[in-house]
Q: 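Structure below; questions to follow.
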Amino acid sequence: MFEDIAHYEGRLAKVCGPARSGKTEALLSRCVALVEDGIAPNGILVEVSSALSAQAFRSRLRAVMGQKEDADKVRIATAKELCVEVLSREDALAATGRRPRLLSSAEYNFFLEDMKTLGQPVRRLRKMLEFFYARWSLLEEERDWLEPGEESKARAHAAKLLEGYGAMLSQEAAYVCAHFLNSDAGASARGSYAYVLCDDYQNLSHAEQTCLCLLAGKQLIVAGNPNQEVSRRGEHPYARGFVEFETLRRNVQVFELAQTYGASEVAAFSNALCAHGSMNGEILSKEPGAVACSHGEINEDGASSALPDAPAVMCVKWSTPEDELNGLTKYIRALADEEGEGSEGGMCIVVPNRRWARMVQRMLEKRGFMASCAPVAGGIGGDPRELDRAHALIARTKLALLADEHDGVAWRCWCGFGNHLTNSDAWGGLVSYAAQKGLSPLEALSTLGDVIQRLGSEPFSRASVLAERYKSGRAFIEKNASRKGFALLRALGAEDLFEFLDVSALMEGDESAEQVEKLMRAWESDPVFPDDPRVIRIVSYESMTGIEADWVFAIAAVDGFVPVRDAFEVVSTEEDRNALTNEQRRLFYNAVSKARKHLVISYFAKAALELAEQSKMQVVRVRAEEQGPSGQEGPKGFASSRIAVVRPSMFLAEAGDACPGSIGGQALLAQLGLN
């Protein structure tokens, strides 16, 4: 089957199959065959779900092609990257009148504050914006769904703000790109790549799917599985576009992969989840066999040669989160010591949230490991309204100003720090004033101080606040414009900030502000792991798309974490709860199925009530428990006399007989002489 796909010459093809059936491998085979047949590598596009997926695909491509230079010329990118690439063309800029400068999550919060000046209830405003994003993702024309009144008013205000920033929402990029590609102005951009290979096509929005189809010149091959649909950061995947791909188009060759590779027990566990909810129970893994693939051959049972007695699927029960983190990292230490240096790169730890990612990383580092949780920890947090809680945000904005002193988004953020409303009222006045004068908001901001001095008064309410902020920003730029590398980080006040550590680790020390800003933007939007086989990867369920590992550890697998607590909320409708549970089941299925050799599912029975509530675990009951010194190492903050009893993820019960009985964590450690 792989050979047939590798040498398929038709216009359209669809590759479908269960998890670990080699869908990505099929695209890899096609890519290699094209290059070997003399096709220019830069005419080949491989679309993937994330930067992590791109990193993994590139590594596999280099391995197959022997680190050939051609491997690095193949374009491997996410749909969003491609939309920005298209919209950055001169003809697209002219036709759309928009700059594809996408707002980061931190910058988006300023946009929300500016939207609130409309006076609409916050909850209503958020729902309205989400409605806009869903319609855009479906590529529905605004004239068909935008209602007159408050919806039209909100849309117009958003457009005015974004024009003033010189920016674009990430949620609208594919919508704008698809319209450009479909227009006469976009004729020269259509078919930009002769061959387009799309992995996990079910994770793309309808707008993104349309863009990829329009970018394909000679051939389009899509691969996917609706059971592996993953929504990242509030995006709107359109699995229907994959399911109905061949019915909506003519002459589509469908390749159905049946045999899976890897551990048969992992395949059986994954199959069992497909019998529930909205999962497609017909897309099942068949009996695994030896399959040649880019990372080598995996035998039928998938057993590790270093640990022949280790079960392929294991459930481990611990007493508390402290016990789990302490004991599981001991176990991982023993595994790594037995398998040897470099085995760490074959280990992947799936965590439920950012807090758990940080705790796991700290515990692994105590055990002497290098570990990265970049995909979970990416993004800048903090509250711009309180200066003491906005150090990273301020440093990030300073960096953006030094990288581009004409960045309207950066100036908007700079003008909002330290105010309980982020100075949205003053910024709104600036936008109106600029429109009256025929200027951009940034042009008006740059002359505001002179205008106030000349008039002896403010041209709009609180204009002097913005003028002072602009003056301080200009002073910072002039003082630090020549800074580079680590001296630049010191000038930003970022050298000791956790949010900048991953980026600083990638720096040589002589990077310009533009180069550091580029690194930082990639870390914020779609981070990757260090390219080091000694680093253990810590990931979220959402970021498990396109990657795999010899050992997958799904930890803290309790109700409230997976599925999330909203799936149990009685205040929600049954329909909403079911929809969320189905989404979470697909996330869980996709993650656990990525274990090539061993899957370890770990959970605990109880936690301190305060931790359980803060972390949003689903609490079964609360009881009092006397505390005494445990003498165990681990994260602080678990001790409490009020204990929340929790239960393992409902998905373990759904797996039925395919889920092995749980072994106690202390018993596991005792087997290895670790307790």
Side-chain angles (χ1 to χ4, degrees), residues 79-80 83-84 87 96-98 100-165 167-180 182 202-211 229-241 278 409 422 424 428 431 525 542 564 566-567 569 571-584 586-587:
K80 190 163 293 183
C83 290
V84 170
L87 293 174
T96 65
R98 303 290 304 278
R101 196 290 198 195
L102 305 186
L103 298 183
S104 69
S105 58
E107 293 164 346
Y108 180 77
N109 290 332
F110 285 92
F111 167 75
L112 283 181
E113 289 297 323
D114 289 349
M115 287 295 296
K116 291 177 186 178
T117 60
L118 286 172
Q120 294 172 338
V122 175
R123 181 173 295 182
R124 167 62 180 157
L125 178 62
R126 288 181 181 274
K127 286 186 176 181
M128 194 181 303
L129 289 173
E130 285 303 319
F131 174 71
F132 293 172
Y133 305 156
R135 297 306 98 188
W136 289 338
S137 73
L138 289 170
L139 205 56
E140 296 180 357
E141 296 290 342
E142 290 187 0
R143 62 175 177 271
D144 295 332
W145 53 263
L146 192 61
E147 296 289 337
E150 62 177 6
E151 278 191 8
S152 294
K153 185 177 180 182
R155 178 67 185 99
H157 189 56
K160 182 170 70 173
L161 289 173
L162 293 168
E163 181 183 0
Y165 301 157
M168 181 181 292
L169 297 174
S170 63
Q171 296 91 336
E172 63 176 331
Y175 178 81
V176 177
C177 183
H179 277 81
F180 168 69
N182 267 316
Q202 77 281 346
N203 291 339
L204 299 175
S205 70
H206 181 44
E208 290 171 331
Q209 290 172 356
T210 300
C211 290
E229 177 192 313
V230 172
S231 176
R232 301 177 72 242
R233 297 188 180 98
E235 295 171 353
H236 299 82
Y238 189 64
R240 180 181 171 187
S278 63
V409 180
T422 65
S424 288
V431 172
S525 62
E542 291 81 0
V564 294
D566 285 351
E569 291 294 332
V571 296
S572 304
T573 66
E574 184 176 1
E575 181 181 4
D576 288 340
R577 291 195 298 272
N578 287 339
L580 186 53
T581 301
N582 288 331
E583 177 185 307
Q584 292 283 298
R586 290 191 295 270
L587 281 173

Q: OG1 of Thr210 to CG of Asn182: how many Å apart, nearest 0.5 Å?
A: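 Taking OG1 in Thr210 and CG in Asn182, the distance rounds to 7.5 Å.
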Q: Measuring only between side-chain heavy atoms, which start at C-beta, is Leu112 closer than 4.5 Å to Leu129?
A: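 A side-chain contact exists here, since the closest heavy-atom pair is under 4.5 Å.
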Q: Counting C-beta onward and ignoring hydrogens, is there a side-chain heavy-atom pair between Asn203 and Glu229 closer than 4.5 Å?
A: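 Of all side-chain heavy-atom pairs linking Glu229 with Asn203, at least one is under 4.5 Å.
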Q: What heavy-atom pair brings Glu140 and Tyr175 nearest, and what distance separates the two atoms?
A: O-CE1, 3.5 Å
Q: Do Ser278 and Arg586 have side-chain N/O donor and acceptor atoms under 3.5 Å apart?
A: yes
Q: Can any side-chain N or O of Ser152 pair as donor or acceptor with the backbone N or O of Glu147 at less than 3.5 Å?
A: yes
Q: Would you indicate whether the side-chain heavy atoms of Leu139 and His179 approach each other to under 4.5 Å?
A: yes
Q: Parallel under 30°, tilted from 30 to 60°, perpendicular over 60°: which one fits the rings of Phe132 and Trp145?
A: tilted
Q: Under 30°, 30 to 60°, or over 60°: which ring-plane class applies to Phe111 and Tyr165, parallel, tilted or perpendicular?
A: perpendicular
Q: Of the non-hydrogen atoms in Leu118 and Lys153, which two are nearest, and what is the gap between them?
A: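 What the structure gives for the nearest pair is CD2-CE, 3.9 Å.
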Q: Which atoms form the tightest heavy-atom contact between Glu542 and Ser231, and what is the distance?
A: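 The pair with the smallest heavy-atom distance is CG-O, 3.8 Å.
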Q: Does Asp144 form a side-chain contact (heavy atoms from CB on, under 4.5 Å) with Arg135? I'd like the steps, not just the answer.
A: CA-CA 10 Å; Asp144 295 332; Arg135 297 306 98 188; over 6 Å; no
Q: May I ask you to say whether Lys160 pairs ionically with Glu163, meaning some side-chain N is under 4.0 Å from a carboxylate O?
A: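 No, Lys160 and Glu163 are not salt-bridged.
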Q: The criterion is ring-ring contact (aromatic ring centres under 6.0 Å, His included); which residues satisfy it with His236, sequence neighbours excluded?
A: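 With sequence neighbours excluded, His236 shows a ring-ring contact (aromatic ring centres under 6.0 Å, His included) to no residue whatsoever.
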Q: Taking the side chain as every heavy atom from C-beta outward, state whether Lys80 and Ser170 have any pair of such atoms under 4.5 Å apart.
A: yes
Q: Do Asp576 and Asp566 come within less than 4.5 Å of each other through their side chains, counting heavy atoms only?
A: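 Not in contact.
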Q: What is the distance from atom CD of Glu142 to atom CH2 of Trp136, rounded to the nearest 0.5 Å?
A: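 One finds 6.0 Å between CD of Glu142 and CH2 of Trp136.
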Q: Between the main-chain N or O of Val564 and the side-chain N or O of Gln584, is there a donor-acceptor pair closer than 3.5 Å?
A: yes
Q: If the threshold is 4.0 Å, N to carboxylate O, is there a salt bridge linking Arg101 and Glu107?
A: yes
Q: Taking ring-ring contact (aromatic ring centres under 6.0 Å, His included) as the test, write out the residues that go with Phe110, two or more places apart.
A: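 Listed in chain order: Phe417.
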Q: Show every side-chain hydrogen bond (donor to acceptor under 3.5 Å, both in side chains) that has at least one partner inside residues 119-130, sequence neighbours left out.
A: Arg124-Glu150
Q: If you take all heavy atoms of Cys211 and Ala178, which pair is closest and at what distance?
A: SG-N, 3.5 Å
Q: Of all the heavy-atom pairs spanning Gln171 and Tyr108, show the shortest one and how long it is.
A: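 Heavy-atom minimum between the residues: NE2-CE1, 4.2 Å.
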Q: Which pair of non-hydrogen atoms, one from Ala154 and one from Met115, has the smallest distance, and what is that distance?
A: O-CE, 3.5 Å
Q: Please assess Lys116 against Leu125 for the test side-chain contact (heavy atoms from CB on, under 4.5 Å), listing each intermediate value before the final yes or no.
A: CA-CA 8 Å; Lys116 291 177 186 178; Leu125 178 62; 4.1 Å; yes
